[in-house]
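Only a predicted model underlies this, so the values are computations on that prediction, with no experimental measurement involved. The chains referred to below are lettered A, B, ... by the order of the sequence lines, with proteins before strands, and numbering in each begins at 1. Because only heavy atoms are used, hydrogens play no part in the values below, and waters and symmetry mates are left out as well, while side chains stay in.
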There are 2 protein chains.
Amino acid sequence: MSPTVERAGNSVATKSGRQRAILDLVRSRTIRTQEELVGALRSRHLDVTQATVSRDIRELGLLRVPAGSGVRYLLPAAEIDAEAARSRLHNALSQHTQGIEFIDLLGIIHAQPGTASLVAVALDNARFEELAGTVAGDDTVLLIARSRPAGQRLLARLRTILEEPA
Amino acid sequence: MSPTVERAGNSVATKSGRQRAILDLVRSRTIRTQEELVGALRSRHLDVTQATVSRDIRELGLLRVPAGSGVRYLLPAAEIDAEAARSRLHNALSQHTQGIEFIDLLGIIHAQPGTASLVAVALDNARFEELAGTVAGDDTVLLIARSRPAGQRLLARLRTILEEPA
DNA sequence: CCGGCGTCTGCATAAATATGCAAGGGCGGC
DNA sequence: GCCGCCCTTGCATATTTATGCAGACGCCGG
């Protein structure tokens, strides 16, 4: 097999294109075995063997987890964690929060009495790189952004997360 | 093999004892293959075969993840979370709490002034199935158990957590 | 006391995954 | 253009994991 037969640029017969396809497949449907993955890749015109898929899976760090009677592959822990943290943050924000504003580097979140530290923990876990840290009082969380624009980005991201249906 | 050869109660040759040992091993050292796990169990005087370990791993939902050149087993995310929550609860209880008692379905935790909601949050996060919910005042947390026996179990579990070194 | 049924386990083996090896191709230096 | 080096892959196979089946045991219900 030639490593670089095509160059359609973003999604085909290169190694990284294939790996992107694998991530996509694993994310969107249930993949139980490497052979199954090989089949799915074939139907995307990516012809590979199980051996290659095995190597890809290692490089991508995919998890193999027991699911029902059998096993399935999942996205790497880092992705799962980020996603889980995101969703917990959504819950925390939507349940306990009354407002968010940013003034320069500093963000203020008004939360319900006693829930500030809960919200702060959720924020910490989400690991935004724009966010240097949080301080929780009883009903207020103070956020310290890494820069003024970072603060604006963070505000936008939080608003998005808050509105997301997920 | 007999399923209930012993009844020393807390850690031996029953299925659940073995599974606890497996969790313990996976937590504390790097387990790369099921055979390796079999060996480790042997040295704890738990004689099993790879087949049994395979079934245990499925039941426990252990993750198999690529690690360096090779693979290793890890605890499922749920457990990791539960464990983290447990440990936070331990901290919360031991730092802010002065006493726990149960009367029928209702539990009362006396906490230091202003810390009740903190403790309550930690309890909520620990997701005990015996626990229907909590109400936090300023220095008192009220717990509502799902049943009388659930209340007793919960009390026992909380006391254990409180005393645990971990 | 005697089936009957369900659970748990080992054994043997099937199924799935990982890997040593060698081949093919790209790329840079000469 | 030729050579050497590196990267990627398939093939064949080793290694690892899952499972069909049968035996052993406990727990009823009669």
[X] [atom1] - [N] [atom2] separation (whole Å):
| X | N | atom1 | atom2 | answer |
| --- | --- | --- | --- | --- |
| B:Lys15 | D:dC25 | NZ | P | 18 Å |
| B:Tyr73 | C:dT17 | OH | C1' | 11 Å |
| A:Gln19 | D:dC7 | CD | C1' | 13 Å |
| B:Arg64 | C:dA16 | CZ | P | 13 Å |
| B:Arg18 | C:dG10 | CZ | P | 7 Å |
| A:Leu62 | C:dT17 | CG | C1' | 14 Å |
| B:Ile22 | C:dT9 | CD1 | C1' | 13 Å |
| A:Arg58 | D:dT9 | CZ | C1' | 16 Å |

### Query
Which is true for B:Val53 with a 4.0 Å heavy-atom rule: it touches a base, it touches only sugar-phosphate, or it touches nothing?
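The residue B:Val53 makes no contact with any strand.
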
### Message
What's A:Ser54 touching, base or sugar-phosphate or nothing? Going by heavy atoms closer than 4.0 Å.
### Response
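Answer is base: heavy atoms of A:Ser54 come under 4.0 Å of a base.
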
A side-chain contact here means heavy atoms from C-beta on lying under 4.5 Å apart; do [X] and [Y] qualify?
| X | Y | answer |
| --- | --- | --- |
| B:Arg44 | B:Leu25 | yes |
| B:Leu75 | B:Leu62 | yes |
| A:Tyr73 | A:Ile57 | yes |

### Task
Might you work through the side chain to side chain contact (heavy atoms under 4.5 Å, CB included) test for A:Leu123 and A:Ile109, ending with a clear yes or no?
CA-CA 11 Å; A:Leu123 279 163; A:Ile109 295 182; 3.8 Å; yes

### Query
Atom CZ in B:Phe128, atom CG in B:Leu89: separation rounded to 0.5 Å?
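Taking CZ in B:Phe128 and CG in B:Leu89, the distance rounds to 5.5 Å.
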
### Task
Kindly compute the distance separating CG (A:Leu154) from CG (A:Leu105), expressed to the nearest 0.5 Å.
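Separation between the atoms: 11.5 Å.
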
### Query
In what stems does DNA chain C take part, counting only runs of at least 3 consecutive Watson-Crick or G-U pairs whose two distances fall under 3.5 Å?
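Result, WC/G-U stems under 3.5 Å: C:1-30 with D:1-30.
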
What are the atom names and distances for every N/O pair under 3.5 Å that joins the protein to nucleotides 20-22 of chain C?
residue: C:dG20; atom: O6; partner: A:Arg55; partner atom: NH2; Å: 2.7

### Given DNA chain C, 5'-ward residue of the pair A:Ile57 and B:Thr49, judged by closest heavy atom
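Of the two residues, B:Thr49 wins.
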
### Task
Using modelled atom types only, decide if a donor and an acceptor are shared between the side chain of A:Arg42 and the backbone of A:Val48 within a distance under 3.5 Å.
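Yes, because the side chain of A:Arg42 sits within donor-acceptor range (under 3.5 Å) of the backbone of A:Val48.
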
### Task
Please confirm whether the backbone N or O of B:Ile100 pairs with a side-chain atom of B:Arg159, one donor and one acceptor, at under 3.5 Å?
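A pair under 3.5 Å: yes.
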
### Message
Please find the pair of heavy atoms, one from A:Pro66 and one from B:Gly61, that lie closest to each other, and give the distance.
### Response
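Smallest interatomic distance, heavy atoms only, reads CG-CA, 3.6 Å.
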
#### Entry: Where A:Ala145 and A:Phe102 come nearest, the two heavy atoms and their spacing
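Taking every non-hydrogen atom into account, CB-CE2, 4.1 Å.
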
### Message
Could you see if B:Leu155 belongs to whatever hydrophobic cluster contains B:Leu131? Use Ile, Leu, Val, Met, Phe, Trp, Tyr and a side-chain cutoff under 4.5 Å.
### Response
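As far as the 4.5 Å side-chain criterion goes, B:Leu131 and B:Leu155 are connected within one cluster.
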
#### Entry: Nearest to side-chain heavy atoms of A:Val48, which nucleotide of C:dC8, D:dG10, C:dT17
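It is D:dG10.
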
### Message
Short of 4.0 Å, heavy atom to strand atom, which residues of residues 32-42 of chain A count as contacting DNA chain C?
### Response
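The answer is A:Thr33, A:Gln34.
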
### Task
Start with the C-alpha gap between B:Arg72 and B:Val65, add the side-chain angles, then the distance that decides, and say whether side chain to side chain contact (heavy atoms under 4.5 Å, CB included) holds.
CA-CA 5 Å; B:Arg72 69 174 289 196; B:Val65 319; 4.1 Å; yes

### Query
Does any donor-acceptor pair link the side chain of B:Gln50 with the base of D:dA18 at a separation under 3.5 Å?
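Result: at least one qualifying N/O pair found.
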
